[in-house]
Number of protein chains: 2
Amino acid sequence: MSNSAAQISQTQTRRQKVEHREEAIIAAASSLFNDKGYRKTTISDIARQSGVADGTVYLYFKNKEDVARAVLADFYDGLTQSAQNGVDALSSPRERIEFFARHHMGEVIGNWRILEIVSTLGHTIDNYEGSDIYALNRAYSTVFIRVAKDAIQQGEFAKDTSPTILRDIFFGSLEYGVRTLMIKRQQNDIENFVQGLMNILFGSGQARNGAVGNQLADRLDQAVSRMEQMLDENET
Amino acid sequence: MSNSAAQISQTQTRRQKVEHREEAIIAAASSLFNDKGYRKTTISDIARQSGVADGTVYLYFKNKEDVARAVLADFYDGLTQSAQNGVDALSSPRERIEFFARHHMGEVIGNWRILEIVSTLGHTIDNYEGSDIYALNRAYSTVFIRVAKDAIQQGEFAKDTSPTILRDIFFGSLEYGVRTLMIKRQQNDIENFVQGLMNILFGSGQARNGAVGNQLADRLDQAVSRMEQMLDENET
DNA sequence: TTCACAAAATGAAAGTTATTCATCATTTAT
DNA sequence: ATAAATGATGAATAACTTTCATTTTGTGAA
């Protein structure tokens, strides 16, 4: 005959306990993955570090991959949020893209081992499109896609530029850039890479001296000059 | 008291047998990896398909990862070779880079499951620089680096462009592009992506409203207008 | 050909993990 | 207080990888 409020409060208490355990497992897994990598971390490791029995992990997660997914979800949520916030605080497309690049590289470098999981699991999953990792990735990259569309709209890129191709170029470049920085142990050279990428993406102005594109531009330039001169002479 | 030539010939015969076995194991593993993926392929599978006992595999390879490495080495050798050949057959930097992109995407898509291994092996950064996979990767990307340096030299990119950053942008973009094509099951859209990438890398001319390129276009527009007007006036 | 020996090959056994499940412990509801 | 439900446990299982004591095979000498 306890009222329903009491019931609710009791179930909440239980749920809180449950959530606390779940969080403890995720936290333990996250730290272990970052430490030893996904493959070398065993369920027993995770159970021990979070103070439960091996079997208990399976009450909260379907299997080891599921634990990894939860860890990733945690990470992506924060990443998407902070990226969106940063983008909102800026106005010009170019500034936004530059911020995004810097932000992304910093976060990825700081959580390198955890992101290994994406490539480890990404390939394995048969129906990646339906997976939650895909959804997380998508939510994040959507933040960029919106910025990209705006940039195209505002003439920073050719009108017929495909936003999805731009996205692939952007994230692909950053991923490889990070890998190189990690390998070379020059994790502070983010700035250098970001500037290099911006120059390629937006064109650095000074480029293409004798190249085909410029030869055409030069010829065109000369032709326009001749035309203008002719017009000037005739219009008097 | 058989002469040393005979001895050598005999050991060669034996070594040939050994190499044949090794090749058979690599071939079996390669086909199985491509079929079922690395993780789901067991040593027993590989042993059965190459007609040896499980234990025999370990006479030729230290462990399962070692088998995978050999398969990868095989793949990279061919990739590097064909990339170099293709590049050698072309002269302009732009054509070379475009060919490289197409070639790379095609090969990666065609050997998708085998390349899983690269990420599956979860190379921890500590020992990556000394690993054989790193050396293979390096040999391959060196082919591109040479092309890139040449392109910069010839003015296709700003003189101060870093070849290694260009390399990261190039391969990173392609990797992400392939991933997208695989997910979307549009593996024949390589051409579309390659063109999009080329436009970004080399600048598409029509881009950037107020930018340098457009000033020329504006002058052209104005000159043409004046000419048209002049012609109209003269034709009466 | 036969023998002794080294090199190769074998597959049963041992070692590692992920995962399950019968059993025990703790809440909750009556 | 007690039955029912929910949570937790860790030993057992299953699926592999890897090892190693034996067996088989190939080779050169007698």
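The analysis underlying the following values was restricted to heavy atoms, covering all of them including side chains, and did not include hydrogens, waters or symmetry mates.
Atom C1' of nucleotide C:dT16 and atom NZ of A:K36 are separated by 13 Å, given to the nearest angstrom. Here the C1' atom of nucleotide D:dT18 and the NZ atom of B:K62 are 12 Å apart, to the nearest Å. Taking atom OH of B:Y58 as the reference point, atom P of C:dG15 lies 16 Å away to the nearest angstrom. Between the CG atom of B:D45 and the C1' atom of D:dT17 there is a distance of 13 Å, rounded to whole Å. With rounding to whole Å, B:H20 atom NE2 is found 12 Å from C:dA9 atom P. Taking atom CD1 on B:I25 and atom P on C:dA8, their separation rounds to 13 Å, with Å as the unit. With rounding to whole Å, A:N63 atom CG is found 18 Å from C:dT17 atom P. Per the geometry, CZ belonging to B:R48 stands 17 Å off C1' belonging to C:dA9, to the nearest Å.
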N/O to N/O distances under 3.5 Å, protein versus nucleotides 8-10 of chain D:
residue : atom : partner : partner atom : Å
D:dA8   : OP1  : A:R21   : NH1          : 2.9
D:dA8   : OP2  : A:Y60   : OH           : 2.9
D:dT9   : OP2  : A:A53   : N            : 3.0
D:dT9   : OP2  : A:T56   : OG1          : 2.5
D:dG10  : N7   : A:G55   : N            : 3.4

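Counting non-hydrogen atoms of other residues, nucleotides and ligands closer than 6.0 Å to NZ of B:K40 gives a total of 12 or fewer.
Geometric assessment of A:R179 against the ring of A:Y176 yields a positive cation-pi assignment under the 6.0 Å and 45° thresholds.
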Check against side chain to side chain contact (heavy atoms under 4.5 Å, CB included), A:F144 and A:V87: CA-CA 9 Å; A:F144 176 80; A:V87 160; over 6 Å; no
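One finds the CD1 atom of A:I200 at 11.0 Å from the CE atom of A:M198 (value rounded to the nearest 0.5 Å). The line from OG of B:S30 to CG of B:N111 is 7.5 Å long, rounded to the nearest 0.5 Å.
A distance-only check finds a donor-acceptor pair linking the side chain of B:R96 to the backbone of B:L90 [under 3.5 Å].
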